[in-house]
Undergrad: 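Attaching a single structure in structure tokens format; questions to follow.
Both backbone and side-chain heavy atoms feed into the values below; hydrogens, waters and symmetry mates do not. The first residue in the sequence is number 1, and the count goes up from there.
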Amino acid sequence: MRSALHRAVRGVRWYVRELTDESAYDRYVAHARKDHPDASVPSRREFERMRTDRQEEDPRQGFRCC
């Protein structure tokens with residue numbers, strides 16, 4: 001029973017992270033380390049700033065209401 005509950009909680013956590021795109025940084029870091037091992041990886045804060053700037057420059061990158 002406990003393992004089923006644990007799997008369910010992990011599944012919900014994964015779903016929420018994907019839905020809110022919180023996992024984007026983790027995917028970016030994995031990509032950067034695999035495909036560009038010599039490049040420096042930005043901090044989460046720097047990554048979010050770059051992502052926000054890119055979205056504001058090109059509205060097709062994401063929806064921003066305000």
Undergrad: Please enumerate all residues that pass side-chain hydrogen bond (donor to acceptor under 3.5 Å, both in side chains) together with R49, with sequence neighbours excluded.
TA: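 Counting only residues at least two positions away or on another chain, R49 forms a side-chain hydrogen bond (donor to acceptor under 3.5 Å, both in side chains) with D53.
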Undergrad: Sequence neighbours left out, cut at 3.5 Å: what donor-acceptor pairs do the side chains of residues 29-36 make with other protein atoms?
TA:
unit_1	atom_1	unit_2	atom_2	d
H31	ND1	D35	OD2	2.9

Undergrad: Which residues satisfy the side chain to side chain contact (heavy atoms under 4.5 Å, CB included) test with R2, sequence neighbours excluded?
TA: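 R2: no side chain to side chain contact (heavy atoms under 4.5 Å, CB included) contacts found.
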Undergrad: Among residues at least two apart in sequence or on other chains, which ones pass side-chain hydrogen bond (donor to acceptor under 3.5 Å, both in side chains) with E18?
TA: S23, R27
Undergrad: Go through the structure and list residues passing side chain to side chain contact (heavy atoms under 4.5 Å, CB included) with T20, not counting sequence neighbours.
TA: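 Once residues adjacent in sequence are excluded, the partners of T20 under the side chain to side chain contact (heavy atoms under 4.5 Å, CB included) criterion are V16, E22.
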Undergrad: Quick test of your reading: applying ring-ring contact (aromatic ring centres under 6.0 Å, His included), list the pairs with at least one residue in residues 5-26, sequence neighbours left out, ordered by first then second residue.
TA: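 Listed once each, the pairs are Y25-F47.
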Undergrad: Report, as yes or no, whether the 6.0 Å neighbourhood of atom CZ on R44 holds more than 12 heavy atoms from other residues, nucleotides or ligands.
TA: yes
Undergrad: Do E46 side-chain atoms and S43 backbone N/O form a donor-acceptor pair below 3.5 Å?
TA: yes
Undergrad: Could R54 and E57 be called an ion pair, given the rule that one side-chain N must be under 4.0 Å from one carboxylate O?
TA: no
